[in-house]
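Written out below as structure tokens is the structure these notes cover.
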Amino acid sequence: MVPTITLNDQTQIPQLGFGTYLVPPEQTAEIVDQALQIGYRHIDTAQMYGNEEGVGAAIAASGIAREELYVTSKLNTGDHRPDNVRRSFDETLAKLGLEQLDLFLIHWPLPTLYGGDYVSTWKAVSGLVADGRLRTAGVSNFQPDHLERIIGETGVVPAVNQIEVHPYFRNEEARAASARHGIAVEAWGPLGQGNVLDDEVIAGIAAQRGRTSAQIILRWHIQRGDIVFPKSMRRQRMQENFQLFDFELSADEVKAIDALDRGAEGRVGPHPDTFAYLP
Ligand code: NAD
């Protein structure tokens, strides 16, 4: 059973989900269908991934009751202006075939674009909740000062901050800033996008326990209380990543994994202060 986490708007989110970054659009329906068969009920997609229609097709074909599913998408970087937020959110709902989305995030803060105005974007995204078609609004890749600014200027606290977190980059500053405001952390790239899987310390723990390195890393995230949605296109791995709730890491094992942190050197993704990609 996947535990749920209660967000600061009192809604619940499954702590484990399935990520779809780099799942090609034409294969997405089939891959997400497999994930749903395995038991995943939380799917993380984004406008930028170009695969929302495939996610929607898998959901429609699954016959799973809507209230049992949790679906997240994210605002693309080209649509930060408030009118575009509303238009592109409508497109997201249409592509996913949903009347209500569970979670919508500002994908990147883009402090060097739009005159540094991610505050208007946050007002527009958080404003989507009022008309009932969005349950929960959040952000992604927000640094501590970005969080301070949107909260200070709007008084509206995001429910989640989806940020890069894995054993080589624990990202504790952004995690702590999120926690201070009661914002749940979603750890993207939980396996370091594959980079952490060959680590010897993790392989050692995995061998001792008869588990895989991926399971050890994902269990570490779960015990830290973060939300994760690993991505794989191989059924065997999707299955293995879903088996995290029948064992527990000891305090010493957690400490050994904590010690792998490489600080800023450990990042696999771009820095949110400088990321400025536009489609
Ligand atoms: P990840 O850490 O989940 O790693 C994915 C890679 O690890 C896969 O390509 C696969 O090769 C490998 N892998 C997965 N399971 C494995 C297993 N059991 N054994 C061996 N190898 C395995 O990286 P990710 O996909 O980038 O991150 C997860 C999700 O987070 C994404 O799919 C996406 O939904 C989200 N994400 C969000 C952002 C953002 O900016 N908000 C950025 C990146 C990813």
Side-chain angles (χ1 to χ4, degrees), residues 13-25 27-28 31-32 34-35 38 40 42-52 54-55 70-77 96 102-110 118 125 138-143 146 158 160-171 174 178 183-199 202-203 206 211-222 226-244 266-277 279:
I13 183 170
Q15 194 183 3
L16 175 65
F18 182 72
T20 63
Y21 176 50
L22 297 181
V23 178
Q27 281 171 268
T28 301
I31 297 288
V32 172
Q34 286 184 31
I38 288 167
Y40 290 92
H42 166 184
I43 309 293
D44 184 89
T45 181
Q47 294 174 344
M48 198 189 284
Y49 305 166
N51 59 18
E52 289 171 313
V55 173
Y70 195 97
V71 186
T72 300
S73 192
K74 316 184 193 85
L75 177 72
N76 208 350
T77 54
L96 288 167
D102 296 289
L103 179 63
F104 195 53
L105 310 176
I106 301 180
H107 205 149
W108 290 90
L110 309 178
Y118 46 82
V125 167
V139 296
S140 178
N141 298 301
F142 272 47
Q143 293 286 93
H146 304 142
V160 315
N161 189 14
Q162 183 177 126
I163 52 178
E164 180 181 343
V165 182
H166 48 77
Y168 288 169
F169 182 57
R170 279 166 40 198
N171 206 351
S178 303
I183 301 168
V185 169
E186 296 192 327
W188 71 248
L191 305 169
Q193 298 189 328
N195 277 3
V196 190
L197 287 164
D198 294 329
D199 187 89
I202 288 167
R211 295 276 169 171
T212 67
S213 289
Q215 288 174 319
I216 299 297
I217 299 164
L218 294 169
R219 181 68 210 182
W220 172 82
H221 285 283
I222 294 290
D226 291 352
I227 298 155
V228 281
F229 24 82
K231 171 252 175 183
S232 173
M233 297 193 22
R234 301 197 202 176
R235 196 183 179 106
Q236 163 77 31
R237 291 176 173 179
M238 289 158 70
Q239 228 146 14
E240 144 190 347
N241 295 347
F242 196 68
Q243 299 303 315
L244 307 179
R267 257 189 212 281
V268 298
H271 196 295
D273 281 343
T274 51
F275 182 79
Y277 167 83

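All values below were derived from every heavy atom in this structure, side-chain atoms included, with hydrogens, water molecules and symmetry-related copies excluded. Whatever order the structure lists ligands and atoms in, that order sets their numbers, starting from 1.
- By the 4.5 Å heavy-atom criterion applied to side chains, Asn51 and Pro24 are not counted as neighbours.
- Taking all heavy atoms of Phe242, Trp188, Phe229 into account, the minimum distance to atom 29 (C) of ligand 1 is reached by Phe229.
- With respect to atom 33 (C) of ligand 1, the closest heavy atom belonging to the protein is Tyr49 OH, 3.4 Å.
- Nearest protein heavy-atom contact of atom 37 (C) of ligand 1 is Gln162 OE1, 3.0 Å.
- Assignment of Gly192 to the shell around ligand 1 is supported, since a heavy atom sits closer than 4.0 Å.
- Within the structure, ligand 1 has Leu197 among the residues with a heavy atom less than 4.0 angstrom away.
- Using cut-offs of 30° and 60° on the angle between ring planes, the pair Tyr21 and Tyr49 is tilted.
- Residue Phe18 places every heavy atom at 4.0 Å or more from ligand 1.
- With values rounded to the nearest 0.5 angstrom, Arg235 atom CZ is found 5.0 Å from Ile38 atom CD1.
- Remark: ligand 1 atoms within the under-4.0 Å shell around heavy atoms of Tyr21 are 26 (O), 31 (C), 32 (O), 33 (C), 34 (O).
- Regarding atom 8 (C) of ligand 1, its nearest protein heavy-atom neighbour is Lys231 O, 3.3 Å.
- At the shortest separation from atom 34 (O) of ligand 1 among protein heavy atoms lies Asp44 OD2, 2.7 Å.
- Nearest non-hydrogen protein atom to atom 11 (O) of ligand 1 is Arg237 NH1, 4.0 Å.
- With a 4.0 Å heavy-atom cut-off, ligand 1 is reached by the side chain of Ser140 but not by its N, CA, C or O.
- The closest non-hydrogen atom to atom 15 (N) of ligand 1, taken over Leu105, Asn241, Asp198, Val228, comes from Asn241.
- Inter-residue side-chain proximity for Met48 and Asn76 is flagged as met; some heavy-atom pair is nearer than 4.5 Å.
- Annotation: side chain of Val196 is not in contact with side chain of Leu191 (no heavy-atom distance under 4.5 Å).
- Residue Glu240 touches ligand 1 through its side chain alone, judged by heavy-atom distances below 4.0 Å.
- The CD atom of Gln236 lies 9.0 Å from the OG1 atom of Thr212; values are rounded to the nearest 0.5 Å.
- Regarding atom 27 (O) of ligand 1, its nearest protein heavy-atom neighbour is Gly189 N, 3.1 Å.
- Only the backbone of Thr20 comes within contact range of ligand 1, with a heavy atom under 4.0 Å; no side-chain atom does.
- Looking at atom 4 (O) of ligand 1, its nearest protein heavy atom turns out to be Gln193 CA, 3.3 Å.
- Among all non-hydrogen protein atoms, the one lying nearest atom 2 (O) of ligand 1 is Leu191 N, 2.7 Å.
- The ligand atoms of ligand 1 that sit less than 4.0 angstrom from a heavy atom of His107 are 39 (C), 40 (O), 41 (N).
- Looking only at distances, no side-chain donor or acceptor of His221 sits under 3.5 Å from a matching main-chain atom of Val228.
- Atom NZ in Lys231 sits 11.0 Å away from atom CG in Asn241 (nearest 0.5 Å).
- With Lys74 as reference, Asp44 is the one residue of Val139, Asp44, Asn141, Val125 to meet the side chain to side chain contact (heavy atoms under 4.5 Å, CB included) rule.
- Separation of atoms CD1 (Ile163) and CG (Asn171) is listed at 4.5 Å; rounding is to 0.5 Å.
- Looking at Ile31, Val55, Thr45 one by one, the single match for side chain to side chain contact (heavy atoms under 4.5 Å, CB included) with Phe18 turns out to be Ile31.
- Less than 4.0 angstrom separates some heavy atom of Asn141 from each of these atoms of ligand 1: 39 (C), 40 (O), 41 (N).
- In summary, the atoms of ligand 1 found under 4.0 Å from a heavy atom of Pro230, numbered by their order in the structure, are 3 (O).
- Taking every heavy atom of Trp108 and a limit of under 4.0 angstrom, the matching atoms of ligand 1 come to 40 (O).
- With rounding to the nearest 0.5 Å, the separation of CD in Gln193 from CH2 in Trp188 is 5.5 Å.
- Interface of Ala214 with ligand 1, defined as ligand atoms under 4.0 Å from a residue heavy atom, comprises 17 (C), 18 (N).
- Atom numbering of ligand 1 starts at 1 in the shown order; those under 4.0 Å from a heavy atom of Gly194 are 4 (O), 7 (O).
- Asp199 and Ser213 share no donor-acceptor pair across their side chains, judged by distance under 3.5 Å alone.
- The one candidate from Leu244, Leu16, Ile217 that meets the side chain to side chain contact (heavy atoms under 4.5 Å, CB included) condition with Pro230 is Leu16.
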